[in-house]
Every structure is written in C-alpha cells, then in structure tokens.
2 protein chains.
Amino acid sequence: MKPSCKMAKSKDTTEEKILNAAKEVFMKYGLYGSRMHDIADTAGINKALLHYYFRSKEKLFDTVFSGALHKYLQQMDAFLDSSLPIRQRLNNYVDNVFSFLEEYPQMPVFIIKEVSINPELFRDRVDVLKKDKGISIIQVLEKEIELGTIRKMDTALFLINLHSLCSYPFLAAPIFKHVLKANHKNWEEYSPAKIKQSVKQFIERTLLS
Amino acid sequence: MKPSCKMAKSKDTTEEKILNAAKEVFMKYGLYGSRMHDIADTAGINKALLHYYFRSKEKLFDTVFSGALHKYLQQMDAFLDSSLPIRQRLNNYVDNVFSFLEEYPQMPVFIIKEVSINPELFRDRVDVLKKDKGISIIQVLEKEIELGTIRKMDTALFLINLHSLCSYPFLAAPIFKHVLKANHKNWEEYSPAKIKQSVKQFIERTLLS
DNA sequence: GTCTATAATTTGATAGAC
DNA sequence: GTCTATCAAATTATAGAC
C-alpha cells in the first residue's frame, strides 16, 4: 500500500498480459487443444505479438508449463515451520494446499494431462526443481514415527490419500455439484471450507485413532 | 466359451475399430486436441472412413463421450446387493470402482475436462441417465444413519472423500510415482491394491472410529 | 513494439474410382 | 465399404508498414 510499491506499473506489460492469457487458455485446453488466436484474443492483442515475444507456440507453452510445474511442486513440498508440532504443521500444510487450489483449481489436472501426453516435460524438469528443496514431508513423517509422536503407517500412502482428498474435489467439482444436487435433498452448497475440515479430520484419525 | 457365443465374429468390425481408436485418442487429447488423422491411424484405416461411419468429428466425439459418461455414472452409482450389511456393500462398491478405474484410468479426467470445456455435454445427458437408476448411495447412507448402524455424518462429504481417494491416485499416478521414488527411499511400487486397502480403512474409520 | 497482410501447413470434410 | 485425390477452412508463423 506504500507509494513505493510498484505493482500497478509492472502488472500490465504486454509480456505479462500474454503470459496470463496463455496460462488461462493452455490450462483449459492443453497444448494441442489451444489456439494462438484464442490466446491473442484473451490477451487483447494481435496474434503476431505472440511470436514477437515468444518464438513459437511450443516456446510459449514451455514457459507457461515450467512456471506452473514449479509453483505446483513448490507448494506440494512446502512443509515449513519446523519448530511447530507435527499436527500443527500438517494443518498448516493443508491450509496452504487449499489456498493454492482455490487460486488454481485446474492446476493438478493441467500438469497431469500434459505430462501424460508428453512425459519428458516432467522428466526433464523435476530433477532441476528438486535441488533447492529442503527436507520432504515424507521424511518428516518417518522421523515422527520413529519418535513415536504419531502412529506407525505407510507414509507414502498417507501422502497419496492426503493429496487425493485435497485435489480431487476441486477438479471434479462440476460433476459432484450435479450429482449431489440431484441425490441429496438437503445439500446446501459445495463448500471448500467444509471439505478442508474433513481432510483435517482424516489426518487426525490417521495419525492416531 | 460355448460355440454359440459369437464374440470373435462381432469384435473386429470397422465401426468398432473406429470407436476403440476414437476412445483412445479422445480420452488422451480431448475433443479439440485430437486429430481425425490420429484416430484413423490408430484404427488402421483411412480418414475418409471416419466420415463414412460418423458424419463429423463432433458426432464421433459425441458417441464416444456418451458411452463414457454412461459407463462412468453407472459405476459411480452402482450400489447393489441390498441384502448385505452396509459395510459389506461399501466394500463391494470400492472393489467395483477400483476394477473400473484399473480398466479406464483416465476416465474421470476425460469426463471432467470435457465437461469443464463444454458444460452442456453434461447437463443435456445426466437427467436422461438418471431415470433408470435405482436408489442412490447417499440415500442408503442416510437411512443407515437413521437406523443407527453407522455414525452420524455428512454423507455428501463422505462420498466426495471416497471418490477422491479412489480416483485421484489413478489420474495422478505419473506424478506420484516420480515424487515418491525421489523422496521415499524404501518405496517399493505404486500398487492399486495397497491404495484400495487404505480406502477401505478410511471407510471403517469414518463409519465408526 | 504493434499492427495488417500473407505465406505455409495442417486439418476436417467431400467427390469419385474401385 | 474402402481407398486416393482434393477442396475449403483453420492455424502457425513470417514479412513488412507504421
């Protein structure tokens, strides 16, 4: 809010308008399903400018995808505040994952789809991203089990379950909304907050029931 | 196995070869990302034949999508064997969902993506499919709660969690495999059987812990 | 940097021989 | 029913004016 904060100035550059538009279109339609024309229209500029800033469709896609993957893996492995007790840390982790998913609901499907079509997109990049990561959530859990703080369990399976419970409700929201509205008479609304609560309940019951 | 069974004869018709190829390509690339050329190649036939059997790309896609949606909703709501106790029924349900997902791992993403791009695909068809359905899983759970057989809970939320735990591991398999292999030293393999077991554990803990 | 015009490919679809 | 040849439209990409 200070006058020195230069967000208004740096926000509306053409390159950023293109990147934002590309993000939107690529996330929805994927690499092969997207049209440069659509991206230009969404950005409110001319097609030729896309090629001026990014040589080709593939280059533009690569830029968008790299950014997305980086952001995704970063939040997936962000397990900070090592001073806090494990339950608190897990709760914070779920909070972070949910804020991330509320901002980018289609991020997981985007990554998953594009990787399934083009596996080298993943292989080429993951190892690089690994380097600047700290200790992983799995290793933390393993240590807590050794210490006896939480129940013995398959930590990888726990992580799979946890992310399933967080991500899928966002990506399957349109389907769930329809099915639930039809079958569940007193179903109020599709609420991320309620879903988040149920994830935390799952954690609590898994760690020690 | 009887000689009267005519499966060999009816299997390799051109129309079926096209439909199988279309299923494969559309599921992977979506409507806009798929190329008729690819479908023809996958089917091992000529492009022109696609238009001979199905008027247009849209018609062909519609056929594939309708079939997929029907199959998906059918298994999502198949909750038979009403004579069995509720825990047994839920276990069978999970078994069915897993066999379905092992056969069609990308089915959920396919439906979800195409519906998010083209919402009327869903709206136009779901109501029709609803008609021949029996009682839904949610209504069964509500009744069991009334009877006191299971703990009081938000049944819609339970269904969301349940499907998240089943579907997401299949669709995110490539990602999980990579991340786990890197972070989890003694991680053997990505096993659907183990994941299924954890889903059943979730059910047990949720119904009454 | 941004636009218009246009080239070069790709892609959905059809006509017509067999 | 199946194929080859081909058209028309769409799509990526570039050239050149401003």
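The sequence lines fix the lettering, A, B, ..., with proteins before strands; numbering per chain opens at 1.
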Residues in ring-ring contact (aromatic ring centres under 6.0 Å, His included) contact with B:H51, at least two apart in sequence or another chain: none
Residues passing the ring-ring contact (aromatic ring centres under 6.0 Å, His included) test with B:F100, sequence neighbours excluded, are B:Y104
Closer to the 5' end of DNA chain C via nearest nucleotide, is it A:K47 or A:Y52? A:Y52
Expected output: side-chain B:K194 to main-chain A:D154 donor-acceptor under 3.5 Å: no
Roughly how many Å is it from OH in A:Y32 to C1' in D:dT11, rounded to a whole number? 15 Å
From CG of B:L49 across to C1' of D:dT4 the rounded distance in Å is 12 Å
Has A:H51 got a side-chain N or O lying under 4.0 Å from the OP1 or OP2 atom of D:dA13? yes
Please report, rounded to the nearest Å, how far the P atom of D:dT12 is from the CG atom of A:L60. 11 Å
Separation of B:N46 atom CG from D:dT6 atom P, in whole Å? 14 Å
Taking distance alone, no hydrogens or angles, what donor-acceptor pairs closer than 3.5 Å link side-chain atoms of residues 156-174 of chain B to residues at least two apart or in another chain?
unit_1: B:N161; atom_1: OD1; unit_2: A:S198; atom_2: OG; d: 3.4
unit_1: B:N161; atom_1: ND2; unit_2: A:S198; atom_2: OG; d: 3.4
unit_1: B:N161; atom_1: ND2; unit_2: B:L157; atom_2: O; d: 3.4
unit_1: B:H163; atom_1: NE2; unit_2: B:Y93; atom_2: OH; d: 3.2
unit_1: B:S164; atom_1: OG; unit_2: B:I160; atom_2: O; d: 2.7
unit_1: B:S167; atom_1: OG; unit_2: B:H163; atom_2: O; d: 3.2

Please identify the 5'-most and 3'-most nucleotides of DNA chain C with any atom under 4.0 angstrom from a heavy atom of chain A. C:dG1 to C:dT4
Rounded to the nearest Å, what distance is computed from the CZ atom of residue A:F54 to the C1' atom of nucleotide D:dA13? 16 Å
Mind checking what makes ring-ring contact (aromatic ring centres under 6.0 Å, His included) contact with B:Y32, not counting sequence neighbours? A:Y29
Whole-Å gap separating P (D:dA10) and CE (B:M36): 16 Å
Determine which pairs satisfy side chain to side chain donor-acceptor pair (under 3.5 Å) with at least one residue from residues 108-120 of chain B, sequence neighbours left out, and list them in order. none
